[in-house]
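The first residue of the sequence shown is numbered 1, and numbering continues consecutively from there. Heavy-atom basis, side chains included; hydrogens, waters and symmetry copies ignored.
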Amino acid sequence: MSILIKQAFNCVLGVSRMLRLHLAFAFFISAFVLSSPGFAETREKFMTPDILVSEDGEKQSIERGLLFVPENRQNPASRIISFHFMRARALKPNEGAAPIFMLPGGPGYERDFKQNRAFNFLKQLRQNHDVIYVSQRGYQNAPGLNPDFGFHYLTDLPLDKPGSILKKVQRERKAYRAAGDEWRKRGIDLAGYDILNIVDDVYDLRETLGYDKIILRGCSFGSQWSTSYIKLHAATVDRALLSGVEPLDFAYDSAKWLWASMSRVAAAAEKDPDLAPYIPDGGLMAALKTVIKRLDDEPVEVSIETEPGQIINIVLGADDLRSGTIRYFRSIGRGAPLADLAAWPKFVLEMYNGDFKFLASLMAENRRDRAAGSLITYLIDNSIGISEQRDKQLLAEEERQWIDPNWGYRASRTVSNTKQVPQSFRDDWNIDVPVLLVTGDYDWSTPVENAEHMEKFLEKGQLLTVEGGTHCPIMVSDQLTPQRPKLLNQIRRFLSIDTDEKSLTEYFDSLPKSVALDPIDFDTPKSPSLYEERQSRGRN
């Protein structure tokens, strides 16, 4: 039976390279394996060779695997589930070099290493180190035996009324509760999809693969996952390179710090000689406040074309901006973070001058889009939660009148299926593991102030601030890679230096505290408008 099981899973892993198993087939295989005699042991792994092929046709040999673990380690009678991992062996191994464990963000994100940028990033990391990429248990787009945890809104939001954070909260809570009820009925123990279990997934994988110590590499939630691992298993960590930093009590975002990040972009835009003539008195942030206040006082009705010849009307209110749209400059959709950010002042100025069509096109999609995201996003985030003290602090920030970034967390936390960790888990502590933090001061997801807070607790570490950098500036294609390649190589050297006190001191002394990217060439409010640009992309 054991041979048949392994053959079955080799077949499954082959299919999993397509990134999604048919749900019914996945449940069939999982039921077959988990009911087989002698399969109650955890930490059983199955691995198969694979070849990554990039968009340009370049190839890398890797291994893919599944590791079998309890669904809920707190439940002695827990069923067994699997999570996917990928290993790329070092091309030129250094004796004694610890492997790099890459932990993805989200929660609810899976990196596609066939994309050229990620493909090349992997090739660089594996020169002297084994690289292990760990998928999050339960994420429906990860290879392996995952149920489809993508959940959906049950209703649209009306187009003939202004956006409302309260209505968004109600819709979010209803969808989250319905999805949780559905999966519990199917026998899923949702309590197991929490931060503690995914930390121990990494610990079990490290031990199963035979590594004494590991290097942690994480961005955004991947940094919080890594920090959680350090909190519980520091003795097995060689070092950590983190970006898009989220300390353990910082899953909820500070409106004050996000507004400060936006203000830094606004200040840079106002110095652009081509844009300066268009800036109203008081500057861009004052203009944005004016737009929000106008929409609060009097919502606007906008006509837009959603399909060729199909015109709809949509009513916009201040909550359409306040609930997050003003910071998601990536919605502009040019494909590179700095190119999108270059258009953000134009977005503000168009609305200040009465043109709301671009916002209307975003909101028309948002209110009718039934995809709510991945269930594990809230399952894991709600298990981390927030301290009472920080929650009160964030609720009292005066910038919440302009931006409310945490409504989604607050919508789901009262109906969460995961237990919140004790406060001691979230408390700051002195971190003895060598840690390098790299973050951008234009980061509108995890503000640079997050990393500045964490740096205070690093006994062997440093923060490098990328001035003009956005979220996770190490990874994105238009920042350190093309603009500061020598510095990027210096950052990567951290992964291989000796971690004795002398070598670390010399390394951090040689590393700058900050580096400035090239100034952004900001758009001016000329034709085509952002709405026209978006319409043109949709037709091409």
Query raised in the report: For His453 and Asp428, does a side-chain donor sit closer than 3.5 Å to a side-chain acceptor?
Result: yes
Query raised in the report: Which is it for Tyr109 and Thr377 under the side-chain hydrogen bond (donor to acceptor under 3.5 Å, both in side chains) test, yes or no, and what are the steps along the way?
Result: CA-CA 9 Å; Tyr109 178 75; Thr377 300; over 6 Å; no
Report summary line: For Asp160, the side-chain contact (heavy atoms from CB on, under 4.5 Å) test, sequence neighbours excluded, returns Pro158
Query - Worked verdict on Lys392 versus Glu388 for salt bridge (Lys or Arg N to Asp or Glu O under 4.0 Å) - result: CA-CA 6 Å; Lys392 288 180 179 178; Glu388 184 178 348; 3.3 Å; yes
Requested in this report: Apply the test side chain to side chain contact (heavy atoms under 4.5 Å, CB included) to residues Glu71 and Ile80: give CA-CA distance (whole Å), side-chain angles for both, the deciding distance (0.1 Å), then the verdict.
Outcome: CA-CA 6 Å; Glu71 184 171 45; Ile80 305 303; over 6 Å; no
Query - Donor-acceptor contact present, side-chain Ser416 to main-chain Ser412, <3.5 Å - result: no
Query raised in the report: Which heavy atom in Ile376 sits nearest to a heavy atom in Pro107, and how many Å separate them?
Result: O-CB, 3.9 Å
Query raised in the report: Could you walk me through whether Asn313 and Leu159 pass the side chain to side chain contact (heavy atoms under 4.5 Å, CB included) check?
Result: CA-CA 7 Å; Asn313 293 336; Leu159 298 180; over 6 Å; no
Check residues 282-293 and write down every donor-acceptor pair under 3.5 Å in which the side-chain atom is one partner and the other belongs to a residue at least two apart or another chain.
unit_1, atom_1, unit_2, atom_2, d
Thr290, OG1, Ala286, O, 2.9
Lys293, NZ, Asp297, OD2, 3.1

Report task. Would you confirm whether Glu455, through its side chain, and Leu463, through its main-chain N or O, come within 3.5 Å as a donor-acceptor pair? Result -> yes
Query raised in the report: Is it true that the side chains of Gln479 and Thr470 contain a donor and an acceptor less than 3.5 Å apart?
Result: yes
Query raised in the report: Are Tyr378 and Tyr176 close enough that their ring centres sit under 6.0 Å apart?
Result: yes
Requested in this report: In plain terms, say whether Asp355 and Lys346 are close enough for a salt bridge, that is, a side-chain N and a carboxylate O under 4.0 Å apart.
Outcome: no
Query raised in the report: So Phe149 and Tyr193, would you call those rings parallel, tilted or perpendicular, with 30° and 60° as cut-offs?
Result: perpendicular
Query raised in the report: Relative to Phe101, does Arg206 satisfy both conditions: NZ or CZ under 6.0 angstrom from the six-membered ring centre, and within 45 degrees of the ring's axis?
Result: no
Requested in this report: Check Asp201, Asp204, Asp189 against Arg137 for a salt bridge (Lys or Arg N to Asp or Glu O under 4.0 Å) and give me the one that passes.
Outcome: Asp201
Query raised in the report: Between Arg410 and Trp407, is NZ or CZ placed under 6.0 angstrom from the six-membered ring centre and within 45° of the ring axis?
Result: no
Query raised in the report: Which pairs with one or both residues in residues 376-436 pass disulfide (SG to SG under 2.5 Å), sequence neighbours excluded?
Result: none
Requested in this report: Determine the minimum heavy-atom distance between Ser514 and Glu467, stating which atoms define it.
Outcome: OG-OE2, 3.4 Å
Query raised in the report: Which pairs with one or both residues in residues 313-324 pass salt bridge (charged side-chain N to carboxylate O under 4.0 Å, His left out), sequence neighbours excluded?
Result: Asp296-Arg322, Asp319-Arg322, Asp320-Arg367
Report task. Using a strict cut-off of less than 4.0 Å between a Lys/Arg side-chain nitrogen and an Asp/Glu carboxylate oxygen, indicate whether Lys256 and Glu397 qualify as a salt bridge. Result -> no
Query - Presence of salt bridge, Lys460 and Asp432, under 4.0 angstrom - result: yes
Report task. Go through the steps for Asp272 and Ile520 under the test side chain to side chain contact (heavy atoms under 4.5 Å, CB included), then give the verdict. Result -> CA-CA 8 Å; Asp272 187 315; Ile520 296 174; over 6 Å; no
**Report entry** Check ion pair Lys419-Asp194 (N to O, under 4.0 angstrom)
**Finding:** no
Requested in this report: Measure from the side-chain N and O atoms of Asp443 to the backbone N and O of Thr439, and report whether any donor-acceptor pair falls under 3.5 Å.
Outcome: no
Query raised in the report: Residues two or more places apart in sequence or in another chain: which of them pass side-chain contact (heavy atoms from CB on, under 4.5 Å) with Ala234?
Result: Ile230, Val433
Report summary line: The single option from Tyr531, Phe347, Trp344 that satisfies ring-ring contact (aromatic ring centres under 6.0 Å, His included) with Phe358 is Phe347
**Report entry** Test item: Lys213 side-chain N/O and Arg239 main-chain N/O as donor-acceptor pair under 3.5 Å
**Finding:** no
Report summary line: Heavy-atom closest pair (Thr446 atom, Ser220 atom, distance to 0.1 Å) is CG2-OG, 4.3 Å
Report task. Go through the side-chain N and O atoms of Gln170 and Arg173 and say whether any donor and acceptor fall under 3.5 Å apart. Result -> no
Query - Pair Asn382, Arg413: side-chain N/O donor-acceptor within cut-off below 3.5 Å - result: no
Requested in this report: Start with the C-alpha gap between Arg426 and Asp249, add the side-chain angles, then the distance that decides, and say whether salt bridge (Lys or Arg N to Asp or Glu O under 4.0 Å) holds.
Outcome: CA-CA 5 Å; Arg426 289 187 296 263; Asp249 198 19; 3.7 Å; yes
Query raised in the report: Is there a donor-acceptor pair under 3.5 Å between the side chain of Glu350 and the backbone N or O of Leu530?
Result: yes
Requested in this report: Measure from NZ or CZ of Arg370 to the centre of the six-membered ring of Tyr153 and say whether it is under 6.0 Å with the direction within 45° of the ring axis.
Outcome: no
Report task. Determine the interplanar angle of the Trp225 and Phe221 rings, folded into 0 to 90°, and report it as parallel if under 30°, tilted if 30 to 60°, perpendicular if over 60°. Result -> parallel
Query raised in the report: Name the one of Ile326, Ile403, Val348 that satisfies side chain to side chain contact (heavy atoms under 4.5 Å, CB included) with Leu321?
Result: Ile326
Query raised in the report: Would you call Arg186 and Glu182 a salt bridge, taking side-chain N to carboxylate O under 4.0 Å as the test?
Result: yes
Requested in this report: Check whether more than 12 heavy atoms from other residues, nucleotides or ligands sit under 6.0 Å from atom CD of Glu459, and answer yes or no.
Outcome: yes
Query - Minimum-distance pair of heavy atoms, taken over all atoms of Gly108 and Gln136 - result: N-OE1, 2.8 Å
Query raised in the report: Just by modelled atom types, is the Asn417 backbone N or O under 3.5 Å from a matching donor or acceptor in the Arg184 side chain?
Result: no
Query raised in the report: In this structure, which one of Asp523, Asp340, Asp478 forms a salt bridge (Lys or Arg N to Asp or Glu O under 4.0 Å) with Arg334?
Result: Asp523
Query raised in the report: Would you find a donor on one side and an acceptor on the other, under 3.5 Å apart, between the side chain of Arg177 and the backbone of Val415?
Result: no
**Report entry** Candidate pair Glu246 and Cys219, rule side chain to side chain contact (heavy atoms under 4.5 Å, CB included), full reasoning
**Finding:** CA-CA 9 Å; Glu246 285 190 291; Cys219 167; over 6 Å; no
Query raised in the report: Where do Tyr133 and Phe85 land on the ring pair (Phe, Tyr, Trp, His ring centres under 6.0 Å) test, with the steps shown first?
Result: CA-CA 6 Å; Tyr133 178 84; Phe85 64 94; over 10 Å; no
Query - Minimum heavy-atom distance Met454-Pro247, with the two atoms named - result: CB-CG, 4.1 Å
Query raised in the report: Is it true that Glu449 and Arg264 have a side-chain N and a carboxylate O under 4.0 angstrom from each other?
Result: yes
Report task. Grab the two heavy atoms, one from Ser78 and one from Asn72, that are nearest each other, plus how far apart they are. Result -> OG-N, 2.9 Å
Just distance, no hydrogens or angles: give the donor-acceptor pairs under 3.5 Å from side chains in residues 161-169, sequence neighbours left out.
unit_1, atom_1, unit_2, atom_2, d
Ser164, OG, Leu166, N, 3.3
Ser164, OG, Lys167, N, 3.1
Lys168, NZ, Asn366, OD1, 3.3

Query - Note: Asp112-Arg117 ion pair, threshold 4.0 Å (strictly below) - result: no
Requested in this report: Anything under 30° is parallel, anything over 60° is perpendicular, the rest tilted; go ahead and classify Tyr252 against Tyr409.
Outcome: parallel
